[in-house]
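Lettering of chains follows the sequences in order, A, B, ..., and the numbering in each one begins at 1. Because only heavy atoms are used, hydrogens play no part in the values below, and waters and symmetry mates are left out as well, while side chains stay in.
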Amino acid sequence: MTSEVGAQPKLAAVAAEPQTPETTERYDPHAIERKWQLVWEAESTWVVANPGSPEFDESKPKSYVLEMLPYPSGEPHVGHLKTYSVGDAIAHFRRRRGFSVVHPMGYDAFGLPAENNAINTGEHPREATEKSIASFREQFMRWGISIDWTREIGTHEPAYYRWTQWIFLKLFEKGLAHRHEAPVQWCPKDQTVLANEQVIDGRCERCGTLVEQRNLEQWFFRITEYAQQLLDDFDLLESWPENVVTMQRNWIGRSEGAEVVFRCEDIDLDFPVFTTRPDTLFGATFFVLAPEHPLVERLAAGTEHEQAVRDYVNESARATVEERADEERQKTGVPLGREVVNPVNGERISMFVADYVLMEYGTGAIMAVPAHDERDYEFAKAFDLPIRRVIEGTDPEQAKDEGLPYSGDGTMVNSGRFDGKHNREAYDEIIDWLASEDRGKQAVNFRLRDWLVSRQRYWGAPIPILYCDECGMVPVPEDQLPVLLPEIEEYAPKGRSPLAAAEDWVNTECPKCGGKARRETDTMDTFVDSSWYFLRYLDPRNDEECWGRDVADYWMPIDQYIGGVEHAILHLMYARFFVKALHDMNLLEAREPFANLFTQGMITRDGAKMSKSRGNTVSPAEYVERFGADTLRTYICFMGPPIKGGDWSDEGAEGIFRFLSRLWRLGREVAERSAEGGSMDGASGDGRALLAKAHWAIDKVTRDIDPRFQFNTAISAVMELVNEIYRLKDGLYDDPVGAAAVRFATSTAVSLLFPFAPHLCSEVYEWLEGERVWEQPWPEAAPQLLERDTYMLVVQVNGKLRDRIEVGSDTSQEGLLELARSSENVQRHLDGKAVAKEIVVPGRLVNFVVKG
RNA sequence: GCCCGGGUAGACAAACUGGCAAAGUCCGCGCGCUUAAAACGCGCUGCCCCUUCGGGGGCGUUGCGGGUUCGAAUCCCGCCCCGGGCACCA
């Protein structure tokens, strides 16, 4: 059952024997789908050559269409079906629009679920994962997704993670990967540290357990080095959903302000703080440190508060992230018995420790301005500390003390020589003054934290680092990569990585001095694997280098990326960071990985998120069995705009099945009752009307697919066309020109529907045109058939519809008015009233405004 | 609390630029085909009235309240509800 990724999977191994479609009397999706899938496989239809290879076609522009790679666990679900249906429609559309499209597939195969399964069942994560991969691959083939299978990869394969490790070493070389002790989020259930991004509401993203804080030596990637560039380079993107950009912006969290140094003379130390409000410095009446601040102990030592401080710090350490973040909770804290000097006025203010100050942000210390900050105000009230207003709002209410805390703008008071100035004006002056005194400077702070990448888990790429007693930390030499994941007996973590138990593997030789060395036993976060996979697709069998530079530069950036909005921050930002770092190391031309991003909405059932426990899942495999892949894919794209979610309905899917059957029957009938290659010249009446409808559909579908991703209305337009053919066909067959129009309209319908229902459309197109629809250029709407000779003029009186008149398209404004006025019903409404105004919008309407 | 989406018929939706509200699909109803049913084809599907049965007329309507405009689902102001993101970030 397991299979090697990249060994060109064969459909013949996974599908049943075909039937001959021609012999069936009704639409048989399975026979048709099987037939075309075998054709695509036999002819390697979707394989695309790289520059430098003999098959490379340099005449076409390139397009890299990519859906987020799946995490293989069990079988694919409806979300996967949606992602790949949407992506495949785009891939097909672009191919037929003349692009050379690369559309690969792979698996994000390392990760916790497979490992948790291993802990429970003893089954090797590789076994479970590869079983799942086989199932995903089979489904993708049955869905008929147009994938270049020669580029298939799995991130758990040594041939892949060798290069994950290689990139790690490059980052290490550049100082972008580093190891240090840090307070980290620890999940006591999974027994591992988590990235900030994997903590949701203080709980482990995977298992929901409350997260604890621990101080541990960990590996980090310095994504913070790129904080500003990650913001600036949004400008380089072509089209990203605005909400995703906003979410990333908020996550990066840039704040401008000042760093101001407060001095504690008692112990002769400087305490810098970051503030966005240097204009309120004169209002600072106390000073607060985070409980984790490294100098807290030293400050309290020897004071009467020593024990109380120690207790408070310990208590804070025990509290969960969630408890501390609860805003409803009363502010807590303890005095330190020390003072610092406010640099603007020389005032000595008391120091406190309080857990509302976060060590992770800024310097872990703040100046507290209770008059102008909500949190400081609450703390001052709770501890009865002085509150001094330094800004007065213009609103008289705000000038009084009831208006506190006041965070708006206004006139400075109690601020020495800045009194009377507007606070915005004083803002920069205060910073300049502090800078000249060497007590502060302008500063920018980011909310973004460095990316914690080490995991004390088995099923991941080993971190390629050694520890030698003599030489210290030593990177594994490139020619010794990959560092293979060893086989182990026991997957359950016990506070250290399961790899630590593989003694033979851990103990090794130092490549520098030849002495004894131990391997790093942590593995990498799986987000590392998925931060560069799109580059490996481009050159997947290269074992000399990570990717050929020419090849990667040719295909990158990804022209269209498609996936769930749940990856708006994590995956998308990590991948952006990787590409920037790789660019700066001169390994890649691109600065951004995803030029265009499309995020799809989630499919629910009975209005709720699908889940096994709720028992409301939709199994794609089951429905493919019932209706065929074309029906499912088309239905998914039809249920609503793909950007939005939608609620699954069996009746809806049946409706699409009926529609495809109707199209199939139409195809059969038209193939029988009209001749191939007939001329449509001089079509008139219904024949011409049908041609006009077909061209209308071409125009509509084309515009709906490309910039808009409005697949639902594109499919509706094809339905309208099919309905129109049914209405008119019986009156047209007898005349050769009319019959040719019917044939043209029908083959146009299947040609337009092909991106959504590729198998059926290939079949019907072959009957009608004897060609392969995917080899045909996308149809173009003829302008002369889009223009109408006449249109329905809407006539309103006081904005109310009173008549509709068919008028010639070239009728003048005066002509329109005259025709409108002559309408019987309009006259009835105009009768005896004075026309105050006449509005004429040629091509649309005439509106008479009357009085009385 | 802050920042984004969204609210249209019985359901999902369409209306891209301020111009006929509701295309298309589902559900429901009727007719045809059929011994019958399914399937299929055709039609109806906001309310009221007239009809010679071809159709015609009136009214209402896009979460609620106001405004701008000849004209608003669409723009502006206020509010209600639903979904998502962030949240002691100094």
Query raised in the report: Looking for any heavy atom pair under 4.0 Å, which part of the strands does A/N445 touch: base, sugar-phosphate only, or nothing?
Result: nothing
Query raised in the report: At under 4.0 Å between heavy atoms, what does A/H372 touch on the DNA or RNA strands: base, sugar-phosphate, or nothing?
Result: nothing
Query - Out of B/A23, B/G19, B/G41, whichever nucleotide has its closest atom nearest the side chain of A/E720 - result: B/A23
Query raised in the report: Would you say a side-chain N or O of A/K700 is under 4.0 Å from OP1 or OP2 of B/A23?
Result: no
Query - A/E720/A/R727 salt bridge by N-O under 4.0 Å criterion - result: no
Report task. Could you tell me whether A/D647 contacts a base, only the sugar-phosphate backbone, or nothing, with contacts defined as non-hydrogen atoms closer than 4.0 Å? Result -> nothing
Requested in this report: Mind checking A/S649 for me? I need base, sugar-phosphate or nothing, with any heavy atom below 4.0 Å counting as a touch.
Outcome: nothing
Query raised in the report: Just checking A/Y726: base, sugar-phosphate only, or nothing, at a heavy-atom cut-off of under 4.0 Å?
Result: sugar-phosphate
Query raised in the report: Contact class for A/R727 vs. all strands (heavy atom < 4.0 Å): base, sugar-phosphate, or nothing?
Result: nothing
Query raised in the report: Stepwise, does the ring-ring contact (aromatic ring centres under 6.0 Å, His included) test hold for A/F379 with A/F352?
Result: CA-CA 10 Å; A/F379 191 85; A/F352 291 80; 5.4 Å; yes
Report task. Using a 4.0 Å heavy-atom cut-off across all strands, classify A/V849 as base, sugar-phosphate, or nothing. Result -> sugar-phosphate
Query - Partner nucleotide of B/U74 by Watson-Crick or wobble geometry (both distances under 3.5 Å) - result: none
Query raised in the report: Given atom CE of A/M639 and atom P of B/U25, what is their separation to the nearest angstrom?
Result: 17 Å
Requested in this report: Report which part of the nucleic acid A/N798 touches: base, sugar-phosphate, or nothing (heavy-atom distance under 4.0 Å, all strands).
Outcome: nothing
Query raised in the report: With both distances under 3.5 Å as the test, what is the Watson-Crick or G-U wobble partner of B/U8?
Result: none
Query raised in the report: What do the steps show when you test A/F709 against A/F711 for ring-ring contact (aromatic ring centres under 6.0 Å, His included), and what is the final call?
Result: CA-CA 6 Å; A/F709 280 83; A/F711 297 170; 5.7 Å; yes
Requested in this report: Write down the distance between CG (A/N342) and P (B/A90), rounded to a whole number of angstrom.
Outcome: 19 Å
Report task. Under 4.0 Å between any heavy atoms, over every strand shown, what does A/R254 touch: base, sugar-phosphate, or nothing? Just pick one. Result -> nothing
Query raised in the report: For the side chain of A/N847 and the base of B/C70, is some donor closer than 3.5 Å to an acceptor across the two?
Result: yes
Report summary line: Checking N1-N3 plus N6-O4 or O6-N4 for Watson-Crick, or N1-O2 and O6-N3 for wobble, each under 3.5 Å, the partner of B/C42 is B/G30
Query raised in the report: Which part of the nucleic acid does A/G655 contact within heavy-atom distance under 4.0 Å: base, sugar-phosphate only, or nothing?
Result: sugar-phosphate
Query - Pairing of A/E838 and A/R821 as salt bridge, 4.0 angstrom limit - result: yes
Query raised in the report: A/R662 CZ to B/U25 C1': how many Å, rounded?
Result: 12 Å
Query raised in the report: So what does A/V357 hit on the nucleic acid, given a heavy-atom distance under 4.0 Å: a base, only sugar-phosphate, or nothing?
Result: base
Query raised in the report: Which residue lies toward the 5' end of RNA chain B, A/S716 or A/R804, if each is placed at its nearest nucleotide?
Result: A/R804
Query raised in the report: When the distance from CG of A/D803 to P of B/G57 is rounded to whole Å, what number comes out?
Result: 7 Å
**Report entry** Euclidean distance, atom OH of residue A/Y635 to atom C1' of B/C12 [Å, nearest integer]
**Finding:** 8 Å
Requested in this report: Output yes when a side-chain donor or acceptor of A/Q248 lies under 3.5 Å from a complementary backbone atom of A/A568, and no otherwise.
Outcome: yes
**Report entry** Sugar-phosphate, base or nothing in reach of A/R249, heavy atoms under 4.0 Å
**Finding:** nothing
Report summary line: pair_partner(B/C86), Watson-Crick or wobble, both distances < 3.5 Å, evaluates to B/G1
Query raised in the report: Does a salt bridge link A/K331 with A/D376, judged by any charged N lying under 4.0 Å from a carboxylate O?
Result: no
Query raised in the report: What nucleic acid atoms does A/E654 come within less than 4.0 Å of, heavy atoms only: base, sugar-phosphate, or nothing?
Result: nothing
